[in-house]
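Read the structure below first, then the notes.
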Amino acid sequence: MGKSEIIFGNKMSKKTIKSANGSKRKYVKKFGDDSNVDYKLAIEDNKYIGDSLGVKNIIIRREDNTPSTNGLNPINAGLDSGFDKEKGIIVGNIRMGFGHYRISMAIASAANALGYTPYWMDLNSYTQTTGGKVINAQNELYSLGSRISQKSKLFNRVVWEPMNYEGFKKISYNSSDQKNAELMTSVFKNVPKDIPLVGTHVWPAQAAVHAGMKYVVNAIPDNWPMALHLAEGSLHTVQTHSSLLGYRNLNGMNGKKILNTMTSKDICYTGHYIDYELVDNIEKDCEQRINRARNKKPVRFLLTIGGAGAQREIFASIIKYLLKAIKAGKACLYVNVGDYKNVWDELIAEIPEMKEYATEHFNNWEDTTTFANKALDENEEITGIHGFYHENIFEAVYCTNILMRSCDILVTKPSELSFYPVPKLFIKRVGGHEKWGAIHSAEIGDGTYECEDIPHTLQMIKMFINNRETIVEMCENIKANKKAEIYDGAIKVVKKAFELRDKQ
């Protein structure tokens, strides 16, 4: 029986299996079936994060033998060609908002630090494949739901929260995903099957297993156990001990029914998936935050607006509130709008007073990195508002990472950024599963609880400005967490991937 019919020894109902088969047929009818297509591959240097993280892209070569992207350097194509089978590791991902790309960068950073070569394999970028089209269709649907949930409290309460919290938790949901993942395997034909692969979204992990990849790690992003993230046949890794127990017992994934469990061969705890560069500099960065706090320097707030610019209303309220403190030299602000310049334009239109204090760092990576490095100088005074926009997805995502080191407070929804080693203020979540990221962060002391409305968010902003010891306390907790290896998850994930291979 297939992976959509029995999941960790739990037999699916005939209704669930029928629904899963129907889901696959629907996508085949809409996008075709390319399982017999022989996609020739090439390796190219990633011109955006290649130098810093050692990343190389896996691309599909065109029929005329030219690379499928412009301005880069194709190395080779075909089975075994161009792949370093000894030191290579594939980071399988999709672009779904910014979260999974950010986790992928953390894994690539760790691999590079350990002397391995990270190959970037974005299934969503293979737009000519059936799998790429399926992923894009599901992404668009999820993005639409996310935007509607921010505008309609009724939709959020009745549809969005229940789906993200309980719908994705059901083991029956995994059945359909497993079936759909069969449509994502064609691009793996010319990938050596004995290269370790880390999936930072479940679909690449599932597709890799279906395609016969031998050593697959499924790096689960969320702190709320959901069957959505199951990829049987891979080694699942989690960032917290509470989620480890929930996944191991498949707790609540079929109502109150007790399910057959996962084993220690199926899942393990690693800790938070964090870039090596961020972990390596924790003590230095925290000491600089502590010094700024005790010397009453302006509190540096970093607002990161990812995805489709969800929660713009909350960010606009924060900026309006902070303007007085910025003018008085009590606060300064970084705003990363990612690859959505319209969000910045809308903020400027709504808050024209921003212009007086705003410096725009737009589509100029050299300027952005120069500013980020300057802000790390403890003698450098940073004031005003600094806006960041980059049309390239790699720069848009990584911008937050390099700004994170010099900020005092990261303002974010409790998503993948919940796990990063920087003091955090959590605004209202997008989807019920996210709240557990804020709960975990608050319990280990490196972030606030989730502020579920604007007044409570502004109250927290005021506290950080007026009570600097809160920043100091969070920084001390972050340093203690590092000693406990809480932030070493990315390094451990990469090591686990190669352990799978070496054991064989």
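Note that the structure is predicted; figures quoted are calculated from it, not measured.
The pair Glu499-Lys492 fails the salt-bridge criterion, with no side-chain N (NZ, NE, NH1 or NH2) lying under 4.0 Å from an Asp/Glu carboxylate O. At a threshold of 4.0 Å, the pair Arg95-Asp339 counts as salt-bridged, since one of the basic side-chain nitrogens sits closer than that to a carboxylate oxygen. The existence of a salt bridge linking Asp45 and Lys47 is excluded, since no basic side-chain nitrogen approaches an acidic carboxylate oxygen closer than 4.0 Å. Between Arg501 and Asp194 there is no salt bridge, since none of the side-chain N atoms of the basic residue sits less than 4.0 Å from a carboxylate O of the acidic one.
Taking the six-membered ring for Trp and the full ring otherwise, Tyr273 and Phe419 have centroids separated by 6.0 Å or more.
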Dump the intermediate steps for side-chain contact (heavy atoms from CB on, under 4.5 Å) on Leu259 and Asn249, then the final yes or no. CA-CA 7 Å; Leu259 296 174; Asn249 290 333; over 6 Å; no
Walk me through it: do Ser19 and Ser175 pass the test side-chain contact (heavy atoms from CB on, under 4.5 Å)? CA-CA 9 Å; Ser19 177; Ser175 179; over 6 Å; no
With side chain to side chain donor-acceptor pair (under 3.5 Å) as the criterion, how do Asn93 and Thr200 come out once you've worked through the C-alpha distance, each side chain's angles and the decisive distance to 0.1 Å? CA-CA 5 Å; Asn93 57 66; Thr200 59; 4.8 Å; no
ring-ring contact (aromatic ring centres under 6.0 Å, His included), that's the test. Do Phe394 and Trp120 meet it? Break it down for me. CA-CA 11 Å; Phe394 292 103; Trp120 194 271; 5.3 Å; yes
Given the rule in the ring-ring contact (aromatic ring centres under 6.0 Å, His included) test, do Phe371 and Tyr334 qualify, once you have shown the distances and angles that lead to the verdict? CA-CA 11 Å; Phe371 173 85; Tyr334 308 161; 5.5 Å; yes
Worked verdict on Thr412 versus Thr304 for side chain to side chain donor-acceptor pair (under 3.5 Å): CA-CA 6 Å; Thr412 179; Thr304 176; over 6 Å; no
As a quick check of understanding, evaluate side-chain contact (heavy atoms from CB on, under 4.5 Å) for Leu417 and Arg102, giving each step before the final call. CA-CA 9 Å; Leu417 286 168; Arg102 195 182 313 284; 3.5 Å; yes
Hey, mind stepping through Lys189 and Leu41 against side-chain contact (heavy atoms from CB on, under 4.5 Å) and telling me if it holds? CA-CA 9 Å; Lys189 278 184 181 177; Leu41 303 179; over 6 Å; no
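Expressed to the nearest 0.5 Å, how far CD1 of Ile171 lies from OG of Ser13 amounts to 11.0 Å. Taking CD1 of Ile94 as the reference point, atom CE of Met184 lies at 7.5 Å (rounded to 0.5 Å). Interatomic distance, Leu410 CG to Leu403 CG, rounded to the nearest 0.5 Å: 10.0 Å. Rounded to the nearest 0.5 angstrom, Met226 CE and Lys169 NZ are separated by 8.5 Å. How far CD1 of Ile60 is from OG of Ser125: 7.5 Å, rounded to the nearest 0.5 Å. Distance check, rounded to the nearest 0.5 Å: OG1 of Thr261 to CG of Asn251 gives 11.5 Å.
Just one of Phe98, Tyr48, Trp365, Tyr398 meets the ring pair (Phe, Tyr, Trp, His ring centres under 6.0 Å) condition when paired with His390; it is Trp365. Residue His361 is tested with Tyr389, Phe388, Trp344 for a ring pair (Phe, Tyr, Trp, His ring centres under 6.0 Å); the sole match is Phe388.
Summarising the geometry of Leu53 relative to Ser109, their closest heavy-atom pair is CD2-CB, 3.7 Å, with the distance given to 0.1 Å. Of all heavy-atom pairs between Ile58 and Phe83, the closest is CD1-CE2, 3.7 Å. Considering every non-hydrogen atom in both Ala490 and Ala106, the closest pair reads CB-O, 3.6 Å. Residues Glu86 and Phe498 come closest through the heavy atom pair O-CE2, 3.9 Å. Shortest non-hydrogen contact noted between Ala111 and Ile89 is CB-CG2, 3.8 Å. Of all the heavy atoms in Asn112 and Gly54, the pair that sits closest is OD1-CA, 3.8 Å.
Asn223 contributes a side-chain N or O that, together with a main-chain N or O of Trp436, makes up a donor-acceptor pair within less than 3.5 Å. The main-chain N or O of Ile444 is found under 3.5 Å from a side-chain atom of Asn481 such that the two form a donor-acceptor pair. A donor-acceptor contact shorter than 3.5 Å is absent between the side chain of Ser441 and the backbone of Gly437. For Glu450 (side chain) and Pro414 (main-chain N/O), no donor-acceptor pair under 3.5 Å exists by modelled atom type. Distance alone, capped at 3.5 Å, is enough to place a donor-acceptor pair between the Lys193 side chain and the Phe188 backbone. At least one donor-acceptor pair closer than 3.5 Å links the side chain of Asn392 to the backbone N or O of Glu395. Using modelled atom types, no side-chain atom of Asp488 and backbone atom of Ile491 make a donor-acceptor pair closer than 3.5 Å. Between the Asn57 side chain and the Ile59 main chain, no donor and acceptor come within less than 3.5 Å of each other. A distance-only check finds no donor-acceptor pair linking the side chain of Gln239 to the backbone of Asp222 [under 3.5 Å]. A distance-only check finds a donor-acceptor pair linking the side chain of His201 to the backbone of Trp203 [under 3.5 Å].
Other residues, nucleotides and ligands contribute at most 12 non-hydrogen atoms within 6.0 Å of the CG atom of Asp51. Within a 6.0 Å sphere centred on NZ of Lys170, heavy atoms belonging to other residues, nucleotides or ligands number 12 at most. No more than 12 heavy atoms of other residues, nucleotides or ligands shown are found within 6.0 angstrom of NZ on Lys496.
For residues 11-45, the set of pairs meeting the ring-ring contact (aromatic ring centres under 6.0 Å, His included) definition, not counting sequence neighbours, is empty.
Residues Leu235 and Cys268 meet the side-chain proximity criterion, which asks for heavy atoms closer than 4.5 Å. Residues Asp446 and Tyr487 form a side-chain contact, since some pair of their non-hydrogen atoms from C-beta on lies under 4.5 Å apart. Contact annotation: the side chain of Ile43 approaches that of Tyr119 to within less than 4.5 Å [non-hydrogen atoms, C-beta and beyond]. Considering only heavy atoms from C-beta on, Tyr420 comes within 4.5 Å of Asp275 through its side chain. Contact of the Gln206 side chain with the Asn174 side chain is registered, since non-hydrogen atoms from C-beta on lie closer than 4.5 Å. Ile267 places a side-chain heavy atom less than 4.5 Å from the side chain of Leu244.
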For residues 210-220, tabulate all N or O donor-acceptor pairs below 3.5 Å that involve a side-chain atom, not counting sequence neighbours.
{"residue": "His210", "atom": "NE2", "partner": "Gln178", "partner atom": "O", "Å": "3.2"}
{"residue": "His210", "atom": "NE2", "partner": "Gln178", "partner atom": "OE1", "Å": "2.9"}
{"residue": "Asn218", "atom": "ND2", "partner": "His229", "partner atom": "O", "Å": "2.7"}

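Not counting sequence neighbours, the partners of Phe8 by the side-chain contact (heavy atoms from CB on, under 4.5 Å) test are Asn10, Leu230, Glu232, His236, Leu250, Met262, Asp266.
Thr400 and Asn336 share a side-chain donor-acceptor pair at under 3.5 Å. Side chains of Asp34 and Thr129: no donor on one and acceptor on the other come within 3.5 Å.
The aromatic rings of His272 and His440 stand perpendicular to each other, their planes meeting at an angle above 60°, with 30° marking the opposite boundary.
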